[in-house]
Amino acid sequence: QVYLVESGGGSVQAGGSLRLSCVVSGYTYSSNCMNWFRQAPGKGREGVAAIYIGDGSTYYADSVKGRLTIPQDNAKNTVYLQMNSLKPEETAMYYCAVLFPSGGRCYTHYSAALLDFGYWGQGTQVTVSS
């Protein structure tokens with residue numbers, strides 16, 4: 001059984017930083033993508049960052065480039081989301097996911113079918129106050 005457990009969420013003022021963690025168990029890292037998504041109340045799910053485990057390539061949504069990064073620690077089966085200069089509109093539940101797109105690369109947007117085929121955590125809440 002594959003488990004993903006997110007942690008590190010909390011409340012922060014605008015302009016502040018948080019680092020989220022996602023620990024994966026029951027699965028050995030190989031050629032897959034680790035992704036971070038977020039979903040604000042009343043809004044759809046938004047992909048924000050991804051890392052291709054095979055070569056460490058990273059991918060970011062335009063809205064977060066330069067502020068969010070997705071480092072990994074393969075020895076700990078952990079991927080992080082380092083978030084700097086946070087904005088109130090980034091208040092959301094943040095989820096990590098193991099996904100399996102073809103082509104040797106990742107994306108921040110995926111088909112519904114591919115999202116359903118992945119493994120997901122339960123999420124961690126991030127609240128950014130103005």
Side-chain angles (χ1 to χ4, degrees):
Q1 188 73 15
V2 179
Y3 293 98
L4 282 70
V5 179
E6 302 98 333
S7 62
S11 297
V12 64
Q13 289 190 329
S17 299
L18 280 174
R19 189 177 81 157
L20 307 183
S21 299
C22 174
V23 180
V24 183
S25 61
Y27 177 79
T28 302
Y29 274 8
S30 60
S31 298
N32 58 269
C33 292
M34 291 296 301
N35 284 69
W36 283 97
F37 293 83
R38 63 189 179 193
Q39 187 164 18
K43 296 188 177 180
R45 184 167 45 191
E46 176 190 17
V48 295
I51 184 166
Y52 183 64
I53 300 303
D55 63 10
S57 297
T58 56
Y59 307 83
Y60 299 98
D62 288 343
S63 60
V64 306
K65 285 180 181 176
R67 299 186 299 111
L68 273 61
T69 59
I70 185 170
Q72 62 172 331
D73 186 336
N74 287 345
K76 296 181 179 180
N77 268 17
T78 301
V79 65
Y80 304 93
L81 185 66
Q82 177 65 45
M83 304 189 291
N84 301 323
S85 302
L86 282 163
K87 306 174 182 179
E89 55 266 35
E90 297 183 299
T91 293
M93 187 71 80
Y94 283 71
Y95 301 89
C96 64
V98 178
L99 299 175
F100 305 93
S102 59
R105 62 155 291 164
C106 306
Y107 305 86
T108 56
H109 298 276
Y110 297 90
S111 68
L114 195 143
L115 293 174
D116 288 343
F117 191 67
Y119 299 105
W120 291 80
Q122 293 301 304
T124 186
Q125 177 68 37
V126 172
T127 301
V128 185
S129 58
S130 57

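Residue indices begin at 1 and follow the sequence shown. Remember, predicted model here, so these are calculated numbers, not experimental data.
Q122 CD: 12 or fewer foreign heavy atoms inside a 6.0 Å radius.
Between Y119 and N32 there is no side-chain heavy-atom pair separated by less than 4.5 Å. Y59 has its side chain out of reach of C33: every pair of non-hydrogen atoms, C-beta onward, lies at least 4.5 Å apart.
Distance check: S57 OG to I70 CD1 gives 12.0 Å after rounding to the nearest 0.5 Å. The distance from atom CD of E46 to atom CZ of R38, rounded to the nearest 0.5 Å, is 4.0 Å. Distance check: W36 CH2 to T124 OG1 gives 7.5 Å after rounding to the nearest 0.5 Å.
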Item checked: CA sep, side-chain torsions, deciding dist, call: E90, V126, side-chain contact (heavy atoms from CB on, under 4.5 Å) -> CA-CA 8 Å; E90 297 183 299; V126 172; over 6 Å; no
Next item on the list: Apply side-chain contact (heavy atoms from CB on, under 4.5 Å) to the pair V48 and T108, showing each step before the final yes or no.
Entry: CA-CA 6 Å; V48 295; T108 56; over 6 Å; no
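No donor-acceptor distance shorter than 3.5 angstrom exists from the side chain of N77 to the backbone of G26, with no hydrogens or angles considered. R67 places a side-chain N or O within donor-acceptor distance of the main-chain N or O of S63, the cut-off being under 3.5 Å. Counting only distance, with no hydrogens or angles, the side chain of T91 and the backbone of V128 share a donor-acceptor pair below 3.5 Å. In terms of modelled atom types and a separation under 3.5 Å, the side chain of N84 and the main chain of T69 share no donor-acceptor contact. Judged purely by atom type and a 3.5 angstrom limit, E6 has no side-chain atom pairing as donor or acceptor with the backbone of C22.
When every heavy atom of Y107 is checked against every heavy atom of N35, the shortest pair comes out as O-ND2, 3.0 Å.
Ring geometry, F100 versus Y27: the interplanar angle exceeds 60°, so the pair is classed perpendicular (tilted spans 30 to 60°).
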